[in-house]
Undergrad: 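I'd like to ask some things about the structure below.
Computation of the quantities below employed the complete heavy-atom set of this structure, encompassing side-chain atoms and omitting hydrogens, waters and symmetry-equivalent molecules. In this text the structure is predicted, and so the values were computed from the model without any measurement. Quick note: residue numbers are just sequence positions, from 1.
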Amino acid sequence: QVQLVESGGGSVQAGGSLRLSCVISGYTPNMPCMAWFRQAPGKERETVASLTRRDTPYYSESVEGRFTISRDVAKRALYLQMNSLKPEDTAMYYCAALPPNSDYCGTFRKDRYNDWGQGTQVTVSS
């Protein structure tokens with residue numbers, strides 16, 4: 001059974017930084033393509049950043065230049081380094097994985113992702 005476990009959320013002041021981690025287990029042998037999403041209260045879940053099979057990152061316009069997505073295949077971990085945080089970044093952050101050998105690596109379409117973590121809360125105060 002696939003499990004995704006996020007960590008690293010917390011409360012910070014505007015301008016601060018956080019690093020989110022997501023560890024995936026249950027997949028063999030290759031780590032699937034993954035992405036980060038977030039959902040603020042009363043809003044739809046949105047894509048924050050995704051990573052292709054060749055580690056090419058894609059970012060939403062709202063986080064471009066401030067967030068960095070990366071992964072460590074050996075640790076089966078996905079990361080999101082978040083700098084220059086703003087109050088509007090406040091949300092529950094989720095990692096998600098595509099099916100193995102997916103042709104849609106890097107996609108922003110959340111309906112393509114079939115495994116999700118439980119989320120980690122990020123709160124940014126002004």
Undergrad: For a 4.5 angstrom cut-off between non-hydrogen side-chain atoms, does I24 reach L78?
TA: no
Undergrad: Is it the case that R109 places NZ or CZ above or below the six-membered ring of Y104, under 6.0 angstrom from the centre and within 45 degrees of the axis?
TA: no
Undergrad: Would you call the rings of Y113 and F37 parallel, tilted or perpendicular, where under 30° means parallel and over 60° means perpendicular?
TA: perpendicular
Undergrad: Cation-pi check, R71 to Y79: give yes when NZ or CZ is under 6.0 Å from the six-membered ring centre and within 45° of the ring axis, no otherwise.
TA: no
Undergrad: If you count the non-hydrogen atoms of other residues, nucleotides and ligands that lie under 6.0 Å from CD in Q3, is the total more than 12?
TA: no
Undergrad: Would you find a donor on one side and an acceptor on the other, under 3.5 Å apart, between the side chain of K86 and the backbone of A14?
TA: no
Undergrad: Side chains of E44 and Q39, heavy atoms from C-beta outward: is any pair under 4.5 Å?
TA: no
Undergrad: Between P100 and N30, is there a side-chain heavy-atom distance shorter than 4.5 Å?
TA: no
Undergrad: Looking only at heavy atoms, what is the nearest atom pair of M31 and V73, with distance?
TA: SD-CA, 3.9 Å
Undergrad: Among residues two or more places apart or on two chains, list those pairs meeting disulfide bond (SG atoms under 2.5 Å apart) that have a residue in residues 58-97.
TA: C22-C95
Undergrad: Are M34 and L4 packed together at the side-chain level, in the sense that at least one heavy-atom pair is separated by less than 4.5 angstrom?
TA: yes
Undergrad: Do the non-hydrogen side-chain atoms of T56 and L51 ever get within less than 4.5 Å of each other?
TA: no
Undergrad: Measure the CD-CG distance between Q1 and D115 for me, rounded to the nearest 0.5 Å.
TA: 9.0 Å
Undergrad: Specify the closest pair of heavy atoms between V122 and M82, including all atoms of both residues, with the distance to one decimal.
TA: CG2-CE, 3.8 Å
Undergrad: Is any side-chain heavy atom of S60 closer than 4.5 Å to one of F108?
TA: yes
Undergrad: I'd like to know if the side chain of T90 and the backbone of V124 have a donor-acceptor N/O pair within less than 3.5 Å.
TA: yes
Undergrad: Which heavy atom in C105 sits nearest to a heavy atom in R53, and how many Å separate them?
TA: SG-NH2, 3.4 Å
Undergrad: Can you list the steps and then say if S62 with R38 is a side-chain hydrogen bond (donor to acceptor under 3.5 Å, both in side chains)?
TA: CA-CA 12 Å; S62 60; R38 68 185 180 187; 3.3 Å; yes
Undergrad: Measure the spacing between OG of S7 and CD of Q118 and express it to the nearest 0.5 Å.
TA: 8.5 Å
Undergrad: Are M92 and V23 connected in the hydrophobic side-chain network, where two residues link if heavy atoms are under 4.5 Å apart?
TA: no
Undergrad: Keeping Q81 on the side-chain end and T68 on the backbone end, is there a donor-acceptor pair under 3.5 Å?
TA: no
Undergrad: Report the distance from atom OH of Y94 to atom CH2 of W36, rounding to the nearest 0.5 Å.
TA: 12.0 Å
Undergrad: Are N83 and F67 side-chain neighbours, meaning at least one heavy-atom pair lies under 4.5 Å?
TA: no
Undergrad: Between S125 and P87, which heavy-atom pair has the shortest distance, and what is it?
TA: C-CG, 4.4 Å
Undergrad: CG of L20 to CD of E6: how many Å apart, nearest 0.5 Å?
TA: 8.5 Å
Undergrad: Would a 4.5 Å heavy-atom cut-off, applied to side chains only, mark S102 and R112 as touching?
TA: no
Undergrad: Would the distance check show the side chain of Y59 and the main-chain N or O of I69 forming a donor-acceptor pair, the cut-off being under 3.5 Å?
TA: yes
Undergrad: If two hydrophobic side chains count as joined below 4.5 Å and joins carry through other members, does W116 share a cluster with V5?
TA: no
Undergrad: Which heavy atom in R66 sits nearest to a heavy atom in L85, and how many Å separate them?
TA: NH1-CA, 3.8 Å
